[in-house]
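Heads up: the structure comes next, in structure tokens.
Proteins come first, then strands; the chains are lettered A, B, ... in the order of their sequence lines, and each starts at number 1.
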Number of protein chains: 2
Amino acid sequence: MGRKSLKEPRQKEIIKAFYKIVKKEGLENASIQKIAESIQINPSLIMHYFRSREHLVYGLVEFILDRWLHIFDVKDAEDPMDALSAVLDNVFSKKWNSLFDDGTSYSLYSLAFRNKTIRQRYKHLLDTLRQRLAEMIAACNKTKQLTVKDPAAAADIIFVLVDGAYYYLSLVDDKAEYDRRLAVYKQHALKVLN
Amino acid sequence: MGRKSLKEPRQKEIIKAFYKIVKKEGLENASIQKIAESIQINPSLIMHYFRSREHLVYGLVEFILDRWLHIFDVKDAEDPMDALSAVLDNVFSKKWNSLFDDGTSYSLYSLAFRNKTIRQRYKHLLDTLRQRLAEMIAACNKTKQLTVKDPAAAADIIFVLVDGAYYYLSLVDDKAEYDRRLAVYKQHALKVLN
DNA sequence: AAATATATTGAACGTTCATTCAATATATTT
DNA sequence: AAATATATTGAATGAACGTTCAATATATTT
């Protein structure tokens, strides 16, 4: 009995508003009050749906990390090699930046050094990414299109390259240089598969 | 005339205290008051030596970034190959972690996405690191100990591997796994030089 | 219409924050 | 000892913060 719960959509709405402000003003400047103001609700309502700011941050972590998995959103190709190629295109392309804000991601990541929950969540995602890429490489092995000795190791190195690549690229303003370097890094990642 | 200036040592003292608190409690929780308390001075004194908290953060950025360069602190070997090897040992070793706190470094790095000064400072450091490594590789080329076609490109890839490696490794708790993975990443970096 | 569970508001709390400004203390020079 | 530049303190500011709690509003069920 009683009123229907709006928990899920409201939480998502709040997290999206949170994300928007974090993107613009930084995690440390994204206050409950600013979020509430931006979607014209009472700050207390945020406390109602999230017990504390800490839990709100957890919500944002989930939100951001889920987006990473979208790099695997490719058309179901019958050919596993096509699928793998498409995923690598996603990773080494502008799609990356359209998926989420790197500044926000690094801010949350830096919390992992002092917050066990966030740490585990990030670790889990990084492992999931590696595992899924490894599976795709293994599938290509099976069709003899690839002969990668250790798919898990290859996937690992590729993501190391990806993470390291964007660490530098995030600081590159010149678009031409950005693209040129990204291509080089992608080339190196592909070499791991041969 | 007048009293001798204590600017430099005082500033360094304050930054070190700042760093200590950031390491322990995070950048967002490291307040002027906490710093002042930790070294038993008046908060106003911090404002005297740094105009604002922002400038204090700049000071910490300098402090942290300067430490990166210590990876090049190796015994002056006559053999350029020995020197290069020693630097790579530094990068792929515990020395890395003893040099500075990764959590602090990532916190400051995340500011680069909204702060031009910090952004430029980080970019400059990353470029300097690459350039110096490239020079060392070139030196090995000259003595015919290496035949790396493009030393700059090789140095770039190596640091991409380094940055990506620690992005993952920072989340690894198990010491054995940490060491094992670090060795794998180092091996891959070495492969770039052949 | 009464009951009830959830949504939402609004006011208030105490705390901490960065920053300011004037006052005082302490060296160093003339 | 007078002058002076810098060091350091101490009090005060207003703003913003996360969080609380009680009150009210609104659906939904019986």
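Under the Watson-Crick and G-U wobble criteria, each requiring two contacts below 3.5 Å, nucleotide dT29(D) is paired to dA2(C). Of the nucleotides present, dA22(C) is the one that pairs with dT9(D) by Watson-Crick or G-U wobble criteria, both distances under 3.5 Å. In this structure, dA12(C) and dT19(D) make a Watson-Crick or G-U wobble pair, each of the two defining distances being under 3.5 angstrom.
Per the geometry, CD1 belonging to I32(B) stands 10 Å off P belonging to dC17(C), to the nearest Å. The CZ-P distance, from F50(A) to dT8(C), rounds to 13 Å in whole Å. N42(A) has its CG atom 12 Å from the C1' atom of dT19(D), to the nearest Å. For the pair E54(A) CD and dC17(D) P, the computed distance is 19 Å after rounding to whole Å. Protein atom CZ of R53(B) is 16 Å distant from nucleotide atom P of dT16(C), rounded to whole Å. Here dT6(C) presents its P atom at 15 Å from CD of E8(A), a figure rounded to the nearest Å. Between the P atom of dA5(C) and the NZ atom of K7(A) lies a distance of 16 Å, rounded to the nearest Å. Summarising the geometry, the separation between CD1 on I21(B) and P on dC17(C) is reported as 10 Å, rounded to the nearest angstrom.
Comparing R3(B) and R51(B), the nucleotide of DNA chain C nearest to each residue sits closer to the 5' end for R51(B). Residue order along DNA chain C, read from the 5' end via each residue's closest nucleotide, puts M47(B) first among M47(B) and K4(B).
Here the side chain of R10(B) is nearest to one of dT8(D), dG18(D), dA7(C), namely dT8(D). Of all nucleotides listed (dA18(C), dC21(C), dG18(D)), dG18(D) comes nearest to the side chain of Q33(A). Minimum atom distance to the side chain of L6(A) is reached by dA7(C), of the listed dA11(D), dC21(D), dA7(C). Listed nucleotides dC17(C), dT8(C), dT9(D) differ in distance to K34(B); the shortest reach to its side chain belongs to dC17(C).
Note on S31(A): only backbone sugar-phosphate atoms sit closer than 4.0 angstrom, heavy atoms only; bases stay farther off. Among the protein residues, Y49(A) comes within range of the sugar-phosphate backbone only, with heavy atoms under 4.0 Å from sugar or phosphate atoms but none that close to a base. Here L45(A) lies in heavy-atom contact (under 4.0 Å) with a base. Contacts of S5(A) with the nucleic acid, taken as non-hydrogen atoms under 4.0 Å apart, involve only primed sugar atoms and P, OP1 or OP2.
Comment: K16(A) does not engage E13(A) in a salt bridge, judged by the lack of any side-chain N to carboxylate O separation of less than 4.0 angstrom. With respect to the salt-bridge test (charged N to carboxylate O, under 4.0 angstrom), the residues K123(A) and D173(B) do not qualify. A salt bridge is defined here as a Lys NZ or Arg NE, NH1 or NH2 lying under 4.0 Å from an Asp or Glu carboxylate O, and K12(A) with E8(A) fails to meet this definition.
With hydrogens and angles ignored, the 3.5 Å screen pairs no side-chain donor or acceptor of Y106(A) with any backbone N or O of A112(B).
Y168(A) and D156(B) are not linked by any side-chain donor-acceptor pair at a separation below 3.5 angstrom, with hydrogens and angles left out of the test.
S52(A) contributes no side-chain N or O that forms a donor-acceptor pair with the base of dG18(D) under 3.5 Å.
At most 12 heavy atoms of other shown residues, nucleotides or ligands fall within 6.0 angstrom of atom CD in E37(A).
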